[in-house]
Amino acid sequence: MNAFIIAPASVFPVITAQLEITSSAASWLVSIVFGVAAVVSIPVGVWLDRTDNRTAMMVATGVFIAGSVLSWRAALAGSYLLLLGARAVGGFAFPIVWNAGITLIGSRFNSDNEATAIGIFTASAPLGFAFAQFFGPYLSTSLGWATPFGIFAVPAVFASLVFWYSTHDVVTTAGESDVPNVNSIVRILIDRNVRSVGLMGFLAYSIYVFFNTWMPNYLAEDVGLSLTTSGMLFAAYPAVGVISRIGSGVVSDRFLNRRRKPVMYLAFATTLPLTALIAMTDILAVLVLSLLFAGLALQSGIGILHPYVRELADPAVAATAIAVLTTASFIGSVITPVITGELIEQTTYTLAFGYVSVAAVAGILLTRTTPEPNGA
């Protein structure tokens, strides 16, 4: 699913040429998925607190597969509006699978290793991003530019079958006494600490999606690399998140006595100077290494956000708390590619990097004022 979300970013120049659209219009092919997900995420979270999460994930996967196939057909037809609508269909499915997955996994592990378990699950996101960034240009060149829009439906079919048959004995519905009422849902929506972690997600994903959306294009246009080479090099940025998202959970659980703030603070504080270095250097080796360490740092924070917000909330409304974080994160993922796309088109990449730097500063300040969960 994450590969499906970011797939257009790896072939933006091809898309703009094939559909005869601007870079900003092309960026909406990524933003529309996050946009729809942001709108439906909180209602989805409330629904998941009251329903069988296992069945919900299967239904959502079916919707995702349909959206992928429709996206491929729309791309073949050369229709930008149909392609935009088809990708929006995928946006409905994503928050169901993401929120339900985190809720199911978090509920099966105790507080001593919850962050580690959720970190392993959330590592699927950078892995999907890296896969799409690495193979997108190759698939587009060898099998046609429409291929990246639909090919990820194939592994989703097999994954959903494995999930269904391997979880038949898992209890995924809350007991009657555990079903959240309206008051508990309202409390979680207005909880200051939950909103603070949600805002951290907004800032972290703003930075993360900016790099994933525009850096392949930057490497091709400003650095002078081919689209295939830039995609292969940049794939390292999300790929290192597999290590850092899992590692941040282990470090927080085992070595920081389940403290989450130090991980978040380090994520934003490290990203800030590395962003400046990426913007200023014209040495390819320095640029690639800076991207690598920036990806490690930022995604260590992203990996800890979900256990962080779960621990600040009542267990009965855990899915709703995760949905608040997911919504805020998706809003950042929606607006950032569009805003930075306009900045790039109207000026240069310099202002776009400035936008990301401001987000990192805001993250540093916000982390200092948000409490640790569980009295840690």
Exercise for review: Go through the steps for Leu219 and Thr229 under the test side-chain contact (heavy atoms from CB on, under 4.5 Å), then give the verdict.
Suggested key: CA-CA 9 Å; Leu219 292 173; Thr229 303; over 6 Å; no
**Study point:** Residues Val59, Ile96; criterion side-chain contact (heavy atoms from CB on, under 4.5 Å); working and verdict
**Key:** CA-CA 9 Å; Val59 172; Ile96 299 175; over 6 Å; no
Point to revise | Verdict with reasoning, Leu291 to Phe211, per side-chain contact (heavy atoms from CB on, under 4.5 Å) | key: CA-CA 9 Å; Leu291 281 170; Phe211 279 111; 3.9 Å; yes
Practice item. Begin with the C-alpha distance, continue with both residues' side-chain angles, and end with the deciding distance and a verdict on side-chain contact (heavy atoms from CB on, under 4.5 Å) for Arg87 and Val36. Key: CA-CA 9 Å; Arg87 287 186 55 80; Val36 172; over 6 Å; no
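Put simply, CD1 on Ile331 and OG on Ser31 are 12.5 Å apart, with the number rounded to the nearest 0.5 Å. If you take CD1 on Ile118 and CD1 on Ile246, they are separated by 13.0 Å, rounding to the nearest 0.5 Å. How far CD1 of Ile364 is from OG1 of Thr369: 12.5 Å, rounded to the nearest 0.5 Å. Considering CD1 of Ile5 and CD1 of Ile32, their distance stands at 12.5 Å, rounded to 0.5 Å. One distance of note links OH of Tyr308 with CZ of Arg258; it measures 12.5 Å at 0.5 Å rounding. Separating the CG atom in Asn53 from the CD1 atom in Ile105 is a distance of 11.5 Å, to the nearest 0.5 Å.
Evaluation of the ring-ring contact (aromatic ring centres under 6.0 Å, His included) rule for Phe94 yields Trp98, Phe330 as partners, not counting sequence neighbours. Every residue was checked against the ring-ring contact (aromatic ring centres under 6.0 Å, His included) condition with Tyr80, not counting sequence neighbours, and none meets it.
The shortest side-chain heavy-atom distance between Thr141 and Val14 does not fall under the 4.5 Å cut-off. Side chains of Leu292 and Tyr237 form no contact here, defined as non-hydrogen atoms less than 4.5 Å apart. Residues Pro371 and Asn193 have side chains in contact (heavy-atom distance under 4.5 Å, counting atoms from C-beta outward). Between Val263 and Leu256, some side-chain heavy-atom pair lies under the 4.5 Å cut-off. Between Ile278 and Met215 there is a side-chain heavy-atom pair separated by less than 4.5 Å. Looking at heavy atoms from C-beta onward, Val40 lies out of side-chain contact with Trp47 at the 4.5 angstrom threshold. Within the 4.5 Å cutoff, side-chain heavy atoms of Val334 are placed close to those of Trp28.
Val356 and Leu272 end up in the same hydrophobic cluster when Ile, Leu, Val, Met, Phe, Trp and Tyr side chains are linked at under 4.5 Å. Cluster annotation: Leu296 and Phe268 are assigned to distinct hydrophobic clusters (Ile/Leu/Val/Met/Phe/Trp/Tyr, side-chain heavy-atom contacts under 4.5 Å, transitive). Neither Val288 nor Ile283 shares a network with the other; the hydrophobic side chains, linked directly or stepwise wherever heavy atoms of I, L, V, M, F, W or Y lie under 4.5 Å apart, form separate groups for each. Under the 4.5 Å side-chain heavy-atom criterion for ILVMFWY residues, no single connected hydrophobic cluster contains both Val154 and Phe149. At a threshold of 4.5 Å between side-chain heavy atoms, the hydrophobic network of Ile, Leu, Val, Met, Phe, Trp and Tyr places Leu29 and Leu81 in one connected group.
Among all heavy-atom pairs drawn from Ile207 and Leu298, the shortest one is CG2-CD2, 3.6 Å. Here the closest non-hydrogen pair linking Ala9 and Val30 is N-CG2, 4.2 Å. Nearest heavy-atom pair, Thr22 versus Thr16, reported as atom, atom and distance to 0.1 Å: O-CG2, 3.8 Å. Shortest non-hydrogen contact noted between Thr367 and Lys261 is O-CE, 2.9 Å. In terms of heavy-atom proximity, Arg245 sits nearest to Thr122 at NH1-O, 3.1 Å. Nearest heavy-atom pair, Ser248 versus Ile304, reported as atom, atom and distance to 0.1 Å: O-CD1, 3.7 Å.
For the pair Ser166 (side chain) and Val162 (backbone), a donor-acceptor distance under 3.5 Å is present. For Thr51 (side chain) and Leu48 (main-chain N/O), no donor-acceptor pair under 3.5 Å exists by modelled atom type. Thr281 places no side-chain N or O within donor-acceptor distance of the main-chain N or O of Leu277, the cut-off being under 3.5 Å. Of the possible polar contacts, none joining the Arg54 side chain to the Phe163 backbone as a donor-acceptor pair under 3.5 Å is found. With hydrogens and angles ignored, the 3.5 Å screen pairs no side-chain donor or acceptor of Arg254 with any backbone N or O of Gly249. Checking side-chain atoms of Gln299 against main-chain N and O of Val242 turns up no donor-acceptor pair under 3.5 Å. Counting only distance, with no hydrogens or angles, the side chain of Thr213 and the backbone of Phe210 share no donor-acceptor pair below 3.5 Å.
Sequence neighbours left out, the pairs with a member in residues 325-343 that pass side chain to side chain donor-acceptor pair (under 3.5 Å) are Ser24-Glu342, Ser41-Thr327, Asn99-Thr326, Ser206-Thr336, Trp214-Thr340.
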Could you list the donor-acceptor pairs under 3.5 angstrom formed by side chains in residues 123-140, with sequence neighbours left out?
from, atom 1, to, atom 2, distance (Å)
Ser124, OG, Phe121, O, 2.7
Gln133, NE2, Asn212, O, 2.7

Which donor-acceptor pairs under 3.5 Å do side chains of residues 62-74 form with protein atoms, sequence neighbours excluded?
from, atom 1, to, atom 2, distance (Å)
Ser68, OG, Phe64, O, 3.1
Ser71, OG, Gly67, O, 2.7

Show every donor-acceptor pair shorter than 3.5 Å between a side-chain atom in residues 195-203 and any protein atom, with sequence neighbours excluded, or say none if there are none.
from, atom 1, to, atom 2, distance (Å)
Arg195, NH1, Ile190, O, 2.6
Ser196, OG, Arg192, O, 3.0

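A perpendicular orientation is assigned to the rings of Tyr218 and Tyr349, their planes being inclined by more than 60° (bins at 30° and 60°).
Salt bridge Arg260/Asp253: present, at least one basic N to carboxylate O contact under 4.0 Å.
Within a 6.0 Å radius of OH in Tyr355, more than 12 heavy atoms belonging to other residues, nucleotides or ligands are found.
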